[in-house]
Amino acid sequence: MASALCLRLSSTFAGGLSARCLLNSRVQRTQFLHMGRTAFGAHDAAFEAAKERLNTLKEEPDNNVKLQIYALFKQATKGPCNTPKPGAFDFVGRAKWQAWSGLGDISQDEAQKQYIDIINGLAGEESPAETEQAGEEASSYKEIKVTKENKVCSILLNRPAKKNAITWLMYNEIVQALDDASKDDSVTVAVITGAGDYYCSGNDLGNFMNIDPKDMPKMARDGKELLRRFVTAFIDFPKPLIGAVNGPAVGVSVTVLGLFDAVYATDKATFHTPFTELGQSAEGCSSYVFPKLMGNTKANEMLLFNKKLTAHEACERGLVTEVLPHDSFQKEVQTRVEYVAQLPPQSVREGKKLVRDQEREDLHKANEKECEVLEGRWLSEECVRAIMSFFTKKARL
Ligand SMILES: CCCCCC/C=C/C(=O)SCCNC(=O)CCNC(=O)[C@H](O)C(C)(C)COP(=O)(O)OP(=O)(O)OC[C@H]1O[C@@H](n2cnc3c(N)ncnc32)[C@H](O)[C@@H]1OP(=O)(O)O
């Protein structure tokens with residue numbers, strides 16, 4: 001069943017990405033060019049250029065961006081959606097249909113313009129202007145930004161347009177940044193925070209898209225291994241690790257906070273672990289840490305029954321150290337981090353090790369177990385349906 005429900009938004013599906021496939025006969029190409037001259041509108045040359053540009057992108061866009069591109073391509077070349085809605089189990093067909101019909105009756109000219117804007121935006125992101133500043137690492141990180149200054153390593157989750165959802169690349173980059181900070185003698189403390197209005201919206205649900213049904217078990221195995229490595233990096237990080245939760249936090253970004261040494265939250269932050277709504281299960285050692293922090297019933301309220309906590313509630317439950325006013329958040333956090341940064345580093349490390357060693361083994365066991373259970377969840381119909389609902393915009397938190 002899992003494979004039958006599996007999602008596949010391949011590159012041959014995404015509008016302009018598939019321009020060659022969509023127009024793969026000479027007759028079609030001739031019709032297309034003819035339409036281009038007569039029916040499309042003011043942006044024909046730029047539209048053609050954008051199609052070409054899309055084919056040269058080094059990285060495939062996210063699946064929901066692909067859906068948008070697909071829909072705009074159809075609208076630009078065919079006009080408003082005029083095909084019947086695909087059947088209930090044709091998830092991909094329905095997602096495509098919904099994206100196209102969601103454009104309503106915007107003109108072909110307007111669709112062309114939006115298509116061009118999206119692709120130019122994507123191409124621009126791949127060759128960003130040089131923005132290196134003092135203290136910023138000349139690094140290859142793409143989805144996080146790492147700065148080191150005055151003994152503090154700051155790791156910024158940097159996908160604000162996607163609420164800092166964590167892609168597979170981003171998991172790897174965070175592991176890399178933590179590993180680097182743990183080995184760098186100039187760093188005595190690390191801080192994680194988010195760009196934009198969110199701290200982090202958790203796992204990027206697109207991580208589970210674009211998978212051929214036959215590759216689902218491998219995807220689940222790889223996901224399990226990546227998650228295990230990711231959480232291990234938090235369990236074993238040897239220096240003080242501080243969370244600066246600048247806005248709402250969701251999923252795995254909440255659970256791993258239980259492995260931080262201090263968590264400061266703005267009064268606008270919320271904490272939400274909607275695992276069962278997503279057909280998934282607890283991770284980040286939360287099945288072990290949350291009951292210890294807040295007791296079983298309060299932990300269940302979050303991990304099983306999806307209760308979203310305010311910053312003050314999270315503080316009462318021991319997940320947050322201190323709630324700070326939103327307007328002075330950065331400054332207040334900085335004061336606290338600077339204080340920790342100048343403490344004798346070996347003394348702090350030894351102290352942290354003493355505390356962590358009390359439960360290190362249990363944490364690793366909890367991590368292993370949680371990853372195993374999740375591997376099975378990702379292959380379940382419940383999980384696949386929940387993710388599909390998100391991308392067809394039927395269900396958002
Ligand atoms: C190796 C794998 C390890 C997996 C570990 C297991 C981890 C589990 C979890 O973390 S479970 C939690 C997963 N997260 C969610 O379910 C959150 C989903 N997002 C939402 O419900 C909403 O986006 C929101 C409440 C976070 C914010 O809502 P709103 O303010 O209305 O903004 P938008 O919904 O318009 O979002 C803007 C933009 O961001 C995209 N986006 C946001 N969150 C995610 C996400 N988690 N995955 C993928 N994309 C996300 C959203 O699609 C919008 O994109 P668009 O503008 O439409 O292109």
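Numbering of ligands and ligand atoms starts at 1, following listing order. We use all heavy atoms of the structure for the numbers below, so side chains are in, but hydrogens, waters and symmetry mates are not.
- A side-chain donor from one of N306 and T276 sits under 3.5 Å from a side-chain acceptor of the other.
- Residue S201 has at least one heavy-atom neighbour below 4.0 Å for each of these atoms of ligand 1: 13 (C), 14 (N), 15 (C), 17 (C), 26 (C), 42 (C), 43 (N), 44 (C), 45 (C), 46 (N).
- Annotation: salt bridge (Lys or Arg N to Asp or Glu O under 4.0 Å) contacts of E375 (sequence neighbours excluded): K224.
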Q | F237/L259 under side chain to side chain contact (heavy atoms under 4.5 Å, CB included): CA gap, chis, key distance, verdict | A | CA-CA 9 Å; F237 188 69; L259 300 168; over 6 Å; no
Q) Does the side chain to side chain contact (heavy atoms under 4.5 Å, CB included) test come out yes or no for V320 and L257, once each step is laid out? A) CA-CA 8 Å; V320 163; L257 290 174; 5.8 Å; no
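- Between atom 25 (C) of ligand 1 and the options F275, Y198, F208, W378, the minimum heavy-atom separation is to Y198.
- Residue V252 has at least one heavy-atom neighbour below 4.0 Å for each of these atoms of ligand 1: 7 (C), 9 (C), 10 (O).
- Residue A161 has at least one heavy-atom neighbour below 4.0 Å for each of these atoms of ligand 1: 37 (C), 38 (C), 39 (O).
- Sorted by first and then second residue, the ring-ring contact (aromatic ring centres under 6.0 Å, His included) pairs with a member in residues 244-268 read F234-F260; sequence neighbours excluded.
- For the residue pair Q330 and Q334, no side-chain donor N or O sits within less than 3.5 Å of a side-chain acceptor on the partner.
- A heavy-atom separation below 4.0 Å is not found between N207 and ligand 1.
- Close approach to G202 involves these atoms of ligand 1, each under 4.0 Å from a residue heavy atom: 10 (O).
- Listed by number with element, the atoms of ligand 1 under 4.0 angstrom from any heavy atom of A165 are 44 (C), 45 (C), 46 (N), 47 (N).
- If you check the side chains of E143 and T167, you find a donor sitting under 3.5 Å from an acceptor.
- No N or O atom of Y171 sits closer than 3.5 Å to an N or O atom of ligand 1.
- The N/O atoms of L205, backbone and side chain alike, include one that comes under 3.5 Å of an N/O atom in ligand 1.
- The residue among L278, I387, N203, V254 with a heavy atom at the shortest distance from atom 11 (S) of ligand 1 is L278.
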